[in-house]
Amino acid sequence: MISERLEPTHGARADSSPNVIVILADDLGYSDLGCFGGEIRTPTLDKLAHQGVRMTSFYNTARCSPSRASLLTGQHPHRTGIGILTDDDRPHGYPGSLRTDVATIAELFKQSGYETALAGKWHLSHDVSTPNITWPTRRGFDDFYGILAGADSYFNPQGLHHNEERVRVTDPDFYLTDAISDHAADFVSRSRARRSPFFSVPRVYRTALAFACARS
């Protein structure tokens with residue numbers, strides 16, 4: 001399906017190219033959603049499921065980074081350079097960064113004239129302190145807002161980035177999950193206003209803890 005829909009069109013129009021949003025939720029169990037029989041009420045996600053397609057078979061690697069690598073590339077994680085997490089275990093192990101010779105779905109969408117964005121957690125680069133070829137902005141994403149490492153504070157994240165610039169949090173009411181969601185929604189609104197087809201990957205950070213309420 002991807003190879004058929006993503007033939008380069010150079011200047012695709014929003015009215016002829018479908019918009020694509022992929023929501024990745026960390027540590028979310030298969031039956032945690034209402035649409036899959038869960039006991040937690042998730043009406044918005046249930047609505048998306050009923051109006052779209054429910055996937056009933058997905059093989060993860062029981063770890064965050066390898067599953068993300070496979071989702072973005074369509075490749076087995078061992079081929080992507082992310083076999084375990086993001087430690088650099090060379091020369092006998094994995095490099096801990098997404099290999100540059102493995103295309104991401106964002107890079108393919110860009111070839112077809114799409115605007116692309118990632119909001120949330122990247123966790124596919126060994127070096128998260130210095131901008132490099134493995135960062136999301138250099139792997140097909142026009143816009144990135146989130147954290148590069150595997151974890152950070154919800155209320156005062158030290159590794160929050162917008163594209164390749166670190167963001168200093170000064171708002172006392174800041175809550176990372178809300179900020180990620182707001183940024184993703186803003187990207188969608190801006191792309192629609194420009195009538196540009198978009199590919200967006202909001203990555204909810206982090207579902208295992210995000211059920212806790214933000215500070216009131």
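This structure is a prediction, so every number in the text was calculated from the model and none was measured.
R63 meets the side chain to side chain donor-acceptor pair (under 3.5 Å) test with no other residue; sequence neighbours excluded.
More than 12 non-hydrogen atoms from other residues, nucleotides or ligands lie less than 6.0 angstrom from CZ of R190.
Under 3.5 Å, the side chains of S65 and H123 contain a donor-acceptor pair of N or O atoms. Between the side chains of T130 and N132, no donor-acceptor pair of N or O atoms lies under 3.5 Å.
A donor-acceptor pair under 3.5 Å links the side-chain atoms of T80 to the main chain of I82, judged by distance alone. A side-chain donor-acceptor contact under 3.5 Å links K121 to the backbone of G150. Not a single donor-acceptor pair under 3.5 Å links the side chain of T134 to the backbone N or O of L98. Side-chain atoms of S200 do not come within 3.5 Å of backbone N or O of I21 as any donor-acceptor pair. In this structure, the side chain of S70 does not engage the main chain of H76 through any donor-acceptor pair within 3.5 Å. Looking at D127, its side chain does come within 3.5 Å of a backbone N or O of S129 through a donor-acceptor pair. A donor-acceptor pair is defined here as one N or O able to donate and one able to accept, closer than 3.5 Å; no such pair exists between the side chain of N156 and the backbone of Q158. Under the 3.5 Å distance criterion, the side-chain polar atoms of N19 are matched with a main-chain donor or acceptor of F198. Between the side chain of T116 and the main chain of D142, a donor-acceptor pair closer than 3.5 Å is present.
To the nearest 0.5 Å, the span separating CG on D178 from OH on Y154 amounts to 11.0 Å. Taking SG of C35 as the start and NZ of K47 as the end, the distance is 14.0 Å to the nearest 0.5 Å. Put simply, CZ on F36 and CG on D32 are 11.5 Å apart, with the number rounded to the nearest 0.5 Å. The structure places CZ of F141 at 4.5 Å from CG of L118, a figure rounded to the nearest 0.5 Å. The distance from atom CG of D101 to atom CZ of R79, rounded to the nearest 0.5 Å, is 8.5 Å.
In this structure the side chain of L160 never reaches within 4.5 angstrom of the side chain of D152, judged on heavy atoms. Inter-residue side-chain proximity for L72 and W122 is flagged as met; some heavy-atom pair is nearer than 4.5 Å. Proximity of Y114 to P18: side-chain heavy atoms (C-beta onward) are separated by under 4.5 Å at one or more points. Side-chain contact between V169 and P157 is present, with at least one heavy-atom pair separated by less than 4.5 Å.
In this structure, Y175 has its ring center under 6.0 Å from that of F155.
The cluster map of Ile, Leu, Val, Met, Phe, Trp and Tyr, joined by side-chain heavy atoms under 4.5 Å apart, puts V102 and L108 in different clusters. Hydrophobic clustering (side-chain heavy atoms under 4.5 Å, transitive across Ile, Leu, Val, Met, Phe, Trp, Tyr) groups F187 together with L48. Under a hydrophobic clustering in which Ile, Leu, Val, Met, Phe, Trp and Tyr are joined whenever their side-chain heavy atoms come within less than 4.5 Å, directly or via other members, V20 and F144 fall into the same cluster. Note on L71 and F109: same hydrophobic cluster, where clusters join Ile, Leu, Val, Met, Phe, Trp and Tyr whose side-chain heavy atoms are under 4.5 Å apart, directly or indirectly.
The existence of a salt bridge linking R194 and E115 is confirmed by a sub-4.0 Å separation between a basic side-chain nitrogen and an acidic carboxylate oxygen.
Annotation: ring-ring contact (aromatic ring centres under 6.0 Å, His included) contacts involving residues 79-99, sequence neighbours excluded, comprise H78-Y94.
Summarising the geometry of G81 relative to R99, their closest heavy-atom pair is N-CD, 3.8 Å, with the distance given to 0.1 Å. Pairing each heavy atom of V167 with each of H162, the nearest pair is CG2-N, 3.5 Å. Across every non-hydrogen atom of R139 and T100, the tightest pair is NH1-CA, 3.8 Å. The two residues L33 and L45 come nearest to each other via the heavy atoms CD2-CD1, 3.5 Å. Closest heavy-atom contact between R166 and G159: NH1-CA, 3.3 Å. Annotation for H161 and V128: closest pair CE1-O, 4.5 Å, computed over non-hydrogen atoms.
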Next on the checklist: Could you go through I105 and T73, starting from their C-alpha distance and side-chain angles, then the distance that decides it, and tell me whether this counts as side chain to side chain contact (heavy atoms under 4.5 Å, CB included)?
Outcome noted: CA-CA 6 Å; I105 190 172; T73 65; over 6 Å; no
